[in-house]
Amino acid sequence: MKIKYELLNNDTKTKARYGLIHTNHGTYETPIFMPVGTQATVKTLCKEELKEIGSGIILSNTYHLWLRPGEDIISRAGGLHKFMNYDGPILTDSGGFQVFSLAKNKKKDITEEGVHFKSHIDGSNLFLTPELSIQIQNKLDSDIAMSFDECIPYPADYDYAKESTERTLRWAKRGKDAFDNENQSLFGIVQGGEYEDLRKYSAIETVKMNFDGYSIGGTSVGEDKETMYKMIDYAVEYLPTDKPRYLMGVGDPIDIIEGVIRGIDMFDCVLPTRIARHGNAFTRNGKINIKNNKYKDDFTKIEPDCDCYTCKNYTKAYIRHLIVSNESLGQRLLSIHNIRFLTKLTEDLRECVKNNNILEYKEEFIRKYSGDNGNKN
RNA sequence: GGAAGGGUAGCGAAGUGGUCAAACGCGGCAGACUGUAAAUCUGUUCCUUCGGGUUCAAUGGUUCGACUCCAUUCCCUUCCA
């Protein structure tokens with residue numbers, strides 16, 4: 001079946017909304033944060049851990065699975081869910097972002113037909129098209145497939161942004177035409193760079209194609225926060241209220257709050273797991289670097305009132321020791337905490353929508369998080 | 001007792017008359033990370049009141065000038081008796 005979005009509550013002072021997303025693998029509340037598991041794994045975590053954290057939908061990636069192990073092997077395994085033994089919903093990104101991030105500053109050749117670029121594994125020449133991306137995703141059999149888009153850098157001049165935005169629309173159409181999996185949903189992606197008229201145009205034209213959900217792409221590519229928030233505003237205005245809205249690649253706790261306030265339902269980001277592997281932990285009082293010398297003999301929890309497995313069982317001094325000693329348990333424990341931090345944040349935001357107090361929540365959150373308490377961020 | 005080699009910043013290790021406060025690696029300290037080529041990358045690491053000050057086992061010497069040459073002493077390694 002196709003996913004279905006059910007709107008339950010609207011915040012009266014903002015565009016924030018609380019709803020449900022019904023999928024083949026269960027019903028989940030929104031706003032929702034989706035951990036990223038590019039290569040059919042949320043790095044260092046197993047599915048029981050993800051479940052306990054309260055994470056529902058996870059992300060995986062077409063480009064990476066295409067190259068390794070290959071979509072045919074995953075298809076023979078019975079699809080991505082069976083392959084990785086994950087029984088929650090999976091969203092697969094199209095590979096559009098990899099053209100941007102992986103081939104950044106390198107030779108890439110974007111044509112009307114598709115994108116030529118080189119494999120990061122063996123340097124071989126690759127050619128990815130909207131049709132191929134969709135065919136691979138059909139085979140992976142994720143719950144939600146993404147249209148193949150071009151994620152342009154920031155800043156991008158108007159003419160290029162316009163040309164790219166129009167091409168992404170044509171690619172969306174081609175992908176939709178090639179799409180062939182009754183059990184899978186397909187999202188369209190709004191592009192348009194920082195330009196209001198392009199974002200509007202992209203949103204309106206994408207919606208005309210009638211996708212199962214809409215995402216906003218091309219954000220968090222180096223622009224300042226205000227610009228990013230505007231990009232969201234420009235697009236959301238033209239998105240239907242009966243379909244989920246997904247802000248791709250975001251993010252940072254404050255950005256998630258700002259996104260929800262602007263009407264976003266779904267978020268994904270590598271931040272919680274990546275910074276975890278690098279020894280950082282989110283806390284309500286700002287991000288901390290567990291490697292700092294001051295935690296050497298700090299036998300308190302990362303967050304005493306956090307309900308995650310890590311905070312229930314381990315001290316900062318121990319986790320610091322693990323991270324400094326390059327022990328993978330440290331990375332895992334911080335990943336658990338950081339994802340839980342964001343899933344808990346979205347749980348709070350849902351309550352806020354119901355109680356119409358999200359603006360107050362935001363103000364209080366930012367005060368503490370960016371705070372006057374010595375912590376940065 | 002004899003022979004040879006060596007002692008350089010927290011550790012390892014370059015340097016063998018000036019351009020040396022001394023490469024590089026590790027360790028230490030801090031920072032970055034937003035649809036994951038990321039257990040990665042960046043900065044910093046003798047002292048300083050930023051003018052400068054004190055270093056290359058120790059002490060003397062040669063020289064305009066020494067981590068670099070000479071002498072002595074101490075220590076380390078290997079080999080021979």
Side-chain angles (χ1 to χ4, degrees), chain A residues 33-44 57-65 67-68 91-106 117-123 126 133 137 142 144-152 154 187 189-191 215-225 227-229 231-232 246-256 258-259 264 266-282 287-296 322-335 338 342 375-377:
Chain A
F33 174 77
M34 309 181 289
V36 178
T38 305
Q39 310 201 71
T41 167
V42 176
K43 292 186 194 299
T44 76
I57 309 173
I58 62 168
L59 226 73
S60 205
N61 188 276
T62 302
Y63 166 81
H64 289 280
L65 298 180
L67 293 199
R68 194 166 50 191
L91 182 152
T92 43
D93 188 24
S94 64
F97 185 76
Q98 275 61 46
V99 172
F100 161 79
S101 72
L102 200 99
K104 189 158 41 178
N105 306 322
K106 288 190 185 154
F117 62 120
K118 289 186 182 296
S119 160
H120 72 286
I121 298 170
D122 63 5
L126 302 171
S133 171
Q137 295 184 75
S142 52
I144 300 169
M146 298 302 302
S147 293
F148 186 67
D149 65 332
E150 183 192 357
C151 179
I152 59 173
Y154 177 87
F187 278 27
I189 303 176
V190 176
Q191 288 290 346
S215 63
I216 296 169
T219 64
S220 56
V221 289
E223 77 281 10
D224 57 90
K225 299 227 178 227
T227 302
M228 178 175 118
Y229 301 152
M231 289 174 176
I232 303 169
Y246 162 30
L247 180 60
M248 306 187 83
V250 175
D252 173 75
I254 292 172
D255 293 342
I256 289 177
E258 295 286 0
I264 301 294
M266 302 162 69
F267 301 85
D268 80 279
C269 195
V270 304
L271 213 51
T273 45
R274 180 181 290 167
I275 68 172
R277 276 176 277 122
H278 299 164
N280 291 65
F282 289 130
K287 219 171 58 180
I288 66 167
N289 187 342
I290 202 87
K291 289 183 288 189
N292 286 176
N293 187 263
K294 62 183 168 186
Y295 300 119
K296 186 170 51 182
L322 293 176
I323 291 287
V324 165
S325 310
N326 207 19
E327 285 292 341
S328 63
L329 177 61
Q331 305 181 337
R332 192 163 132 227
L333 293 175
L334 286 180
S335 292
N338 284 345
L342 294 183
N375 282 318
K376 284 178 139 191
N377 275 327

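Every chain is numbered from 1 and lettered A, B, ... according to where its sequence line falls, protein lines coming before strand lines.
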*Asks:* Quick one: A/N280 CG to B/A38 P, roughly how many Å, whole number?
*Replies:* 18 Å
*Asks:* Examine B/U36: is either OP1 or OP2 under 4.0 Å from a nitrogen or oxygen in the side chain of A/T38? Give yes or no.
*Replies:* yes
*Asks:* In whole angstrom, what separates A/I121's CD1 from B/U36's P?
*Replies:* 15 Å
*Asks:* Might you work through the side chain to side chain contact (heavy atoms under 4.5 Å, CB included) test for A/Q39 and A/R68, ending with a clear yes or no?
*Replies:* CA-CA 8 Å; A/Q39 310 201 71; A/R68 194 166 50 191; 3.9 Å; yes
*Asks:* Which part of the nucleic acid, if any, lies within contact of A/N293, taking any heavy atom under 4.0 Å across all strands shown: a base, the sugar-phosphate backbone alone, or nothing?
*Replies:* sugar-phosphate
*Asks:* Classify the nucleic acid contact of A/K296 as base, sugar-phosphate or nothing, counting any heavy atom under 4.0 Å across all strands shown.
*Replies:* nothing
*Asks:* So which nucleotide does B/U77 pair with, by the Watson-Crick or G-U wobble rule with both distances under 3.5 Å?
*Replies:* B/A4
*Asks:* Measure from NZ on A/K43 to P on B/C33 and round the result to the nearest Å.
*Replies:* 19 Å
*Asks:* How far, in whole Å, is B/G17 from B/G61 if one measures between their C1' atoms?
*Replies:* 15 Å
*Asks:* How long is the straight-line distance from CD of A/Q137 back to CG of A/L65, given to the nearest 0.5 Å?
*Replies:* 10.0 Å
*Asks:* Between A/I323 (CD1) and B/A30 (P), how many Å, whole number?
*Replies:* 15 Å
*Asks:* Just name whichever nucleotide pairs with B/C33, Watson-Crick or G-U, keeping both distances under 3.5 Å, else none.
*Replies:* none
*Asks:* Evaluate side chain to side chain contact (heavy atoms under 4.5 Å, CB included) for A/M248 paired with A/F187, printing each intermediate quantity in order.
*Replies:* CA-CA 11 Å; A/M248 306 187 83; A/F187 278 27; over 6 Å; no
*Asks:* Tell me which nucleotide, if any, is Watson-Crick or G-U wobble paired with B/A39 when both distances must be under 3.5 Å.
*Replies:* none
*Asks:* In the structure shown, which nucleotide is the Watson-Crick or G-U wobble counterpart of B/U49, with both distances under 3.5 Å?
*Replies:* none
*Asks:* Taking syn as any angle within 90 degrees of 0 and anti as the rest, which one fits B/G51?
*Replies:* syn
*Asks:* Could you check whether A/E223 gets within reach of a base, just the sugar-phosphate, or nothing at all, counting any heavy atom under 4.0 Å?
*Replies:* nothing
*Asks:* Output the single nucleotide from B/U34, B/G28, B/G35 whose closest atom is nearest the side chain of A/I189.
*Replies:* B/G35
*Asks:* What residue among A/T219, A/D255, A/D224 forms side-chain contact (heavy atoms from CB on, under 4.5 Å) with A/Y229?
*Replies:* A/D255
*Asks:* How many whole angstroms separate atom OH of A/Y229 from atom C1' of B/U34?
*Replies:* 11 Å
*Asks:* Out of B/A30, B/U36, B/C33, which nucleotide sits closest to the side chain of A/N292?
*Replies:* B/A30
*Asks:* Looking at the side chain of A/K287, which of B/A32, B/A38, B/G35 is the nearest nucleotide?
*Replies:* B/A32
*Asks:* Hey, which sits more toward the 5' end of RNA chain B by its nearest nucleotide, A/Q331 or A/M228?
*Replies:* A/M228
*Asks:* Say you pick atom P in B/C29 and the same atom in B/C74; how far apart are they, in whole Å?
*Replies:* 40 Å
*Asks:* It should be established whether A/N61 places a side-chain nitrogen or oxygen under 4.0 Å from OP1 or OP2 of nucleotide B/U36.
*Replies:* yes
*Asks:* Just by distance, do the side chain of A/D268 and the backbone of A/P35 share a donor-acceptor pair under 3.5 Å?
*Replies:* no
*Asks:* Find the distance A/L334:CG to B/C33:P and express it as a whole number of Å.
*Replies:* 17 Å
*Asks:* Which base, if any, makes a Watson-Crick or G-U wobble pair with B/U44, both distances under 3.5 Å?
*Replies:* B/G28
*Asks:* What is the distance, rounded to the nearest whole Å, between atom CG of A/L102 and atom C1' of B/U36?
*Replies:* 10 Å
*Asks:* Classify A/T273 by what it touches in the nucleic acid, base, sugar-phosphate, or nothing, heavy-atom distance under 4.0 Å.
*Replies:* base
*Asks:* Would you say the side chain of A/F148 lies within less than 4.5 Å of the side chain of A/V99, judging by non-hydrogen atoms?
*Replies:* yes
*Asks:* Without decimals, in angstroms, what is the distance between A/I264 CD1 and B/G35 P?
*Replies:* 15 Å
*Asks:* Using the C1' atom as the reference point in each nucleotide, state the distance between B/A22 and B/U68 in Å, no decimals.
*Replies:* 12 Å
*Asks:* Taking for each residue the nucleotide of RNA chain B with the nearest heavy atom, is it A/V324 or A/D93 whose nucleotide lies nearer the 5' end?
*Replies:* A/V324
*Asks:* Work out how far the C1' atom of B/G51 is from that of B/C47, and round it to whole angstrom.
*Replies:* 14 Å
*Asks:* Between the side chain of A/S60 and the main-chain N/O of A/G37, is any donor-acceptor distance below 3.5 Å?
*Replies:* yes
*Asks:* Measure from the side chain of A/N326, starting at C-beta and using heavy atoms only, and say which of B/U34, B/U36, B/A39 lies closest.
*Replies:* B/A39
*Asks:* Looking at CG of A/L247 and OG of A/S220, how far apart are the two atoms once the value is rounded to the nearest 0.5 Å?
*Replies:* 7.0 Å
*Asks:* Please produce a list of atom pairs where a protein N or O lies less than 3.5 Å from an N or O of nucleotides 40-45 of chain B.
*Replies:*
none

*Asks:* What interatomic distance, in whole Å, is found between C1' of B/U45 and the corresponding atom of B/A9?
*Replies:* 10 Å
*Asks:* Would you please classify the geometry between the A/H64 ring and the A/H120 ring as parallel, tilted or perpendicular, with 30° and 60° separating the classes?
*Replies:* perpendicular
*Asks:* Please check the phosphate of B/A30 (OP1 and OP2 only) for any side-chain N or O of A/N289 closer than 4.0 Å.
*Replies:* no
*Asks:* Ignoring hydrogens and angles, does a donor from either the side chain of A/D255 or the base of B/U34 sit under 3.5 Å from an acceptor on the other?
*Replies:* yes
*Asks:* What interatomic distance, in whole Å, is found between P of B/A58 and the corresponding atom of B/A66?
*Replies:* 15 Å
*Asks:* Would you tell me if any nitrogen or oxygen in the side chain of A/Q98 comes within less than 4.0 Å of OP1 or OP2 on B/U36?
*Replies:* yes
*Asks:* Using a distance-only test with no angle check, is there a side-chain donor-acceptor pair under 3.5 angstrom linking A/Q331 and A/T44?
*Replies:* no
*Asks:* Taking atom C1' in both B/G18 and B/C67, compute the distance separating them and give it to the nearest angstrom.
*Replies:* 13 Å
*Asks:* Write down the distance separating the C1' atoms in B/A13 and B/G25, rounded off to the nearest Å.
*Replies:* 8 Å
*Asks:* By the 4.0 Å heavy-atom rule, please label A/G218 as base, sugar-phosphate, or nothing.
*Replies:* base
*Asks:* Can you tell me the pairing partner of B/U62 across any strand shown, Watson-Crick or G-U wobble, with both distances under 3.5 angstrom?
*Replies:* none
*Asks:* Using only atom types and a distance under 3.5 Å, with no angle test, would you say the side chain of A/T62 pairs donor to acceptor with the backbone of A/D93?
*Replies:* yes
